[in-house]
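Just so you know, ligand 1 is whichever comes first in the structure, and atom 1 is the first atom listed for that ligand. Note that these values count all heavy atoms, side chains included, but never hydrogens, waters or copies made by symmetry. As the structure is a computational prediction, the values presented were derived from the model and not from experiment.
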Amino acid sequence: MRKTERNYNILDTDFYVRVLIVGGGPAGSLSAIALKNYDVTVVEGHQSPGFPVQCAGLISERCYKELKKFSDCKVNDIRGAVFFSPNNNVELEGKVRAVVVERKILDRDLLAKASEHTNVMIKTKFLGVERDKAVLRSMGKRVELDYDYIVGADGVHSTVSKVFNFERPKVYSALQITCKFDCISEDLVEIYFGFSDFFCYAIPFDEFAKIGVISSENPTPILKKLLRWLGERVKGNILELNAGAIPIGLVSFVKNNVMLIGDSAGMVKPYTGGGLYYILKAVEKLEHFPNLKKIQKEYVKDLGIEYKVGMKIAKLYKILEPEDYDYLIGIAKERSDFAKELDMDKPSTLLKLIPLILKIVKKRRILMKLSSLL
Ligand SMILES: Cc1cc2nc3c(=O)[nH]c(=O)nc-3n(C[C@H](O)[C@H](O)[C@H](O)COP(=O)(O)OP(=O)(O)OC[C@H]3O[C@@H](n4cnc5c(N)ncnc54)[C@H](O)[C@@H]3O)c2cc1C
């Protein structure tokens with residue numbers, strides 16, 4: 001249903017601006033909610049959003065507080081993490097607590113909320129642009145749609161990004177299983193270093209856990225190795241298997257009357273692969289719509305430092321060896337109080353700990369690796 005068929009205020013000039021949002025995932029739905037005063041159409045290629053689930057659902061409490069306005073999708077509360085290296089481990093609690101959410105429910109609720117104010121077309125794929133019209137395939141039929149602006153919220157393999165020749169972020173692979181798991185505690189996530197060139201994780205999810213690998217290399221042998229290492233803590237069979245991709249590195253996301261948001265733009269924490277918080281931050285900047293350049297400028301002003309530090313941490317994962325992690329986790333055990341300074345959404349909180357880290361790390365090889373990034 002187009003807006004003209006509804007009871008909108010036709011004296012409002014925004015009413016005449018047509019915005020096509022490609023993708024009905026969190027970035028698309030949250031953008032549609034933020035742009036509710038415009039004439040918005042959301043097209044979602046699948047028959048429903050959030051399927052297959054490619055997310056572990058771990059977000060900060062701060063992020064959940066925002067999402068909760070639209071969806072009550074919490075599964076577990078998380079108070080901290082146990083960080084493992086192959087031969088060591090430490091339990092740490094940061095400044096901010098976390099929450100595990102059910103993405104299927106979150107994505108459904110967000111799209112439902114968006115549909116209260118916008119025109120949502122499911123099973124409708126954006127194919128490209130011809131003679132200034134968007135070309136869609138909707139329920140098997142070719143459809144052309146007029147637009148003034150396009151918002152590409154179509155995920156890591158974005159068609160909008162390809163059609164309009166945007167720079168593409170680097171992509172890491174992710175492989176995740178759901179199974180019964182003997183968790184250390186229901187309110188602790190487990191992070192495993194030294195298995196891949198990023199990290200692996202186990203996130204409690206009711207009586208199950210989501211166990212996953214993120215890597216720039218083939219994740220399958222890494223997952224097999226991790227499962228062998230976890231041994232009998234992994235119970236029964238794999239109940240769900242998801243292969244996904246994680247964009248690492250923000251790209252320039254505005255061109256003329258087109259902008260990207262979410263995974264399509266690399267709006268993911270480069271040191272964890274978590275995308276939901278950075279999407280929320282980008283959606284906040286839609287208050288400047290339709291000034292797309294200002295949206296980008298404000299976003300970078302706000303989060304530029306976080307991406308910079310985050311990218312350095314991602315580089316560090318690549319150069320640290322398993323025995324380096326054994327050593328660093330040993331140090332963290334002695335000084336676990338430092339974690340209270342750290343905010344999972346803001347890697348820049350690490351900056352003020354650098355002098356302390358450089359003072360207590362005694363191994364020259366590791367110091368050189370740390371210094372090479374500073
Ligand atoms: C294994 C894994 C674990 C993760 N864990 C976490 C986590 O714990 N916490 C966290 O915050 N983040 C996590 N993430 C990242 C998070 O899932 C993403 O950042 C987030 O889903 C991005 O949202 P999005 O809306 O940009 O893209 P998506 O969620 O990918 O949504 C894009 C939508 O666009 C649709 N689409 C695509 N192409 C077209 C087209 N041509 N036409 C119409 N529709 C189209 C798709 O069907 C899809 O519904 C994880 C990712 C992976 C892979």
Side-chain angles (χ1 to χ4, degrees), residues 20-32 41-60 63-64 67 75 78 98-104 106-108 110-111 114 120-128 134-138 150-163 169 171-178 189 191 198-203 205 210-215 219 223 240-248 253 260-270 272-283 344-345:
L20 170 62
I21 297 180
V22 181
S29 296
L30 286 163
S31 300
T41 298
V42 179
V43 295
E44 167 51 50
H46 285 122
Q47 61 269 42
S48 67
F51 185 81
V53 174
Q54 284 172 348
C55 187
L58 183 71
I59 55 175
S60 63
C63 181
Y64 180 62
L67 294 173
V75 182
I78 299 293
V99 163
V100 180
V101 297
E102 169 57 275
R103 270 293 297 272
K104 280 178 209 159
L106 175 67
D107 286 24
R108 182 202 64 196
L110 288 178
L111 191 61
V120 173
M121 298 167 74
I122 54 154
K123 231 170 163 16
T124 301
K125 232 180 179 151
F126 169 81
L127 302 178
V135 179
L136 312 171
R137 178 156 302 279
S138 183
I150 293 189
V151 176
D154 48 346
V156 65
H157 303 298
S158 169
T159 306
V160 175
S161 170
K162 282 177 210 153
V163 166
V171 171
Y172 276 35
S173 302
L175 189 61
Q176 179 177 282
I177 60 165
T178 306
V189 296
I191 307 288
F198 200 81
F199 62 69
C200 308
Y201 56 83
I203 296 182
F205 197 87
K210 295 196 181 238
I211 301 177
V213 169
I214 303 174
S215 175
L223 182 64
E240 206 173 300
L241 174 78
N242 296 111
I246 296 188
I248 301 287
F253 58 88
L260 306 176
I261 192 163
D263 274 12
S264 57
M267 287 176 183
V268 161
K269 294 180 204 164
T272 66
L276 292 172
Y277 180 66
Y278 281 10
I279 289 172
L280 276 177
K281 297 302 287 175
V283 168
M344 67 183 279
D345 290 329

Looking only at protein heavy atoms, what sits closest to atom 23 (O) of ligand 1 is Ile279 CD1, 3.5 Å
Straight-line distance of Leu111 CG to Asp107 CG, nearest 0.5 Å
8.5 Å
Provide the number and element of each atom of ligand 1 under 4.0 Å from a heavy atom of Ile59.
11 (O)
Atom pair CD1/CD of Ile211 and Gln176 - distance to nearest 0.5 Å
9.5 Å
Return the closest protein heavy atom for atom 2 (C) of ligand 1 as residue, atom name and distance.
Gln54 O, 3.6 Å
Hey, is Thr159 touching ligand 1 through its side chain, its backbone, both or neither, going by heavy atoms under 4.0 Å?
side chain
Taking Asn242 for its side chain and Val53 for its backbone only, find out whether a donor-acceptor pair lies under 3.5 Å.
yes
Please say which of Val99, Leu30, Ile279 ends up in a side-chain contact (heavy atoms from CB on, under 4.5 Å) with Leu67.
Leu30
Heavy atom of the protein closest to atom 39 (C) of ligand 1 (residue, atom name, distance)
Asp154 CB, 3.7 Å
For ligand 1, which atoms have a heavy atom of Arg103 less than 4.0 angstrom away?
16 (C), 17 (O), 20 (C), 21 (O), 29 (O)
His46 heavy atoms within 4.0 Å reach ligand 1 at atoms 47 (O)
Starting from atom 12 (N) of ligand 1, which protein heavy atom do you reach first, and at what distance in Å?
Gly275 N, 3.0 Å
Any nitrogen or oxygen of Leu276, main chain or side chain, under 3.5 Å from a nitrogen or oxygen of ligand 1?
yes
I need the His46 NE2 to Lys125 NZ distance, nearest 0.5 Å.
6.5 Å
I need the atoms of ligand 1 closer than 4.0 Å to a non-hydrogen atom of Phe126, numbered in the order shown.
40 (C), 41 (N), 42 (N), 43 (C)
Taking non-hydrogen atoms only, is Val22 closer than 4.0 angstrom to ligand 1 via side chain, backbone, both or neither?
side chain
Has Thr124 got any heavy atom lying under 4.0 angstrom from an atom of ligand 1?
yes
Consider ligand 1: state whether an atom of it lies below 4.0 angstrom from any non-hydrogen atom of Gly273.
yes
In ligand 1, which numbered atoms sit nearer than 4.0 Å to a non-hydrogen atom of Ala27?
24 (P), 25 (O), 26 (O)
Please compare Gly155, Gly262, Gly274 and report which has the shortest non-hydrogen distance to atom 27 (O) of ligand 1.
Gly155
Work out whether the distance between some heavy atom of Tyr201 and some atom of ligand 1 is less than 4.0 Å.
yes
Can you tell me the protein heavy atom closest to atom 5 (N) of ligand 1 and the distance?
Ala56 N, 2.9 Å
Backbone N/O of Ala27 and side chain of Ser31: donor-acceptor pair under 3.5 Å:
yes
Taking only non-hydrogen atoms of Gly57 and a 4.0 Å limit, the atoms of ligand 1 in range are 7 (C), 8 (O)
CA sep, side-chain torsions, deciding dist, call: Leu276, Tyr64, side chain to side chain contact (heavy atoms under 4.5 Å, CB included)
CA-CA 9 Å; Leu276 292 172; Tyr64 180 62; over 6 Å; no
Looking only at heavy atoms, the pair that brings Ile261 and Ser264 closest together is O-OG, 3.0 Å
Can Ile214 and Tyr201 be said to form a side chain to side chain contact (heavy atoms under 4.5 Å, CB included), step by step?
CA-CA 9 Å; Ile214 303 174; Tyr201 56 83; 4.1 Å; yes
Those atoms of ligand 1 less than 4.0 Å from some heavy atom in Gly45:
43 (C), 44 (N), 45 (C)
With respect to Ile246, determine whether any N or O atom, backbone or side chain, lies less than 3.5 Å from an N or O atom of ligand 1.
no
I need the nearest protein heavy-atom contact for atom 47 (O) of ligand 1: residue, atom name and distance, please.
Glu44 OE2, 2.6 Å
Report the nearest protein non-hydrogen atom to atom 26 (O) of ligand 1: residue, atom name, distance rounded to 0.1 Å.
Asp263 N, 2.9 Å
Note the single closest protein heavy atom to atom 32 (C) of ligand 1, along with its residue, its atom name and the distance in Å.
Ala153 O, 3.5 Å
Of all the atoms in ligand 1, which lie at a distance below 4.0 Å from a heavy atom belonging to Gly23?
33 (C), 34 (O), 35 (C), 44 (N)
Can you sort out the partners of Val268 under side chain to side chain contact (heavy atoms under 4.5 Å, CB included), two or more places apart, ordered by chain and number?
Ile246, Pro247, Asp263
Distance, nearest 0.5 Å, that separates CD of Gln54 from CG of Leu175:
10.5 Å
Ser158 side chain vs Val156 backbone, donor-acceptor pair below 3.5 Å
no
With sequence neighbours excluded, residues passing ring pair (Phe, Tyr, Trp, His ring centres under 6.0 Å) with Phe253
Tyr299
Separation between CG of Leu136 and CG of Leu20, rounded to the nearest 0.5 Å
6.5 Å
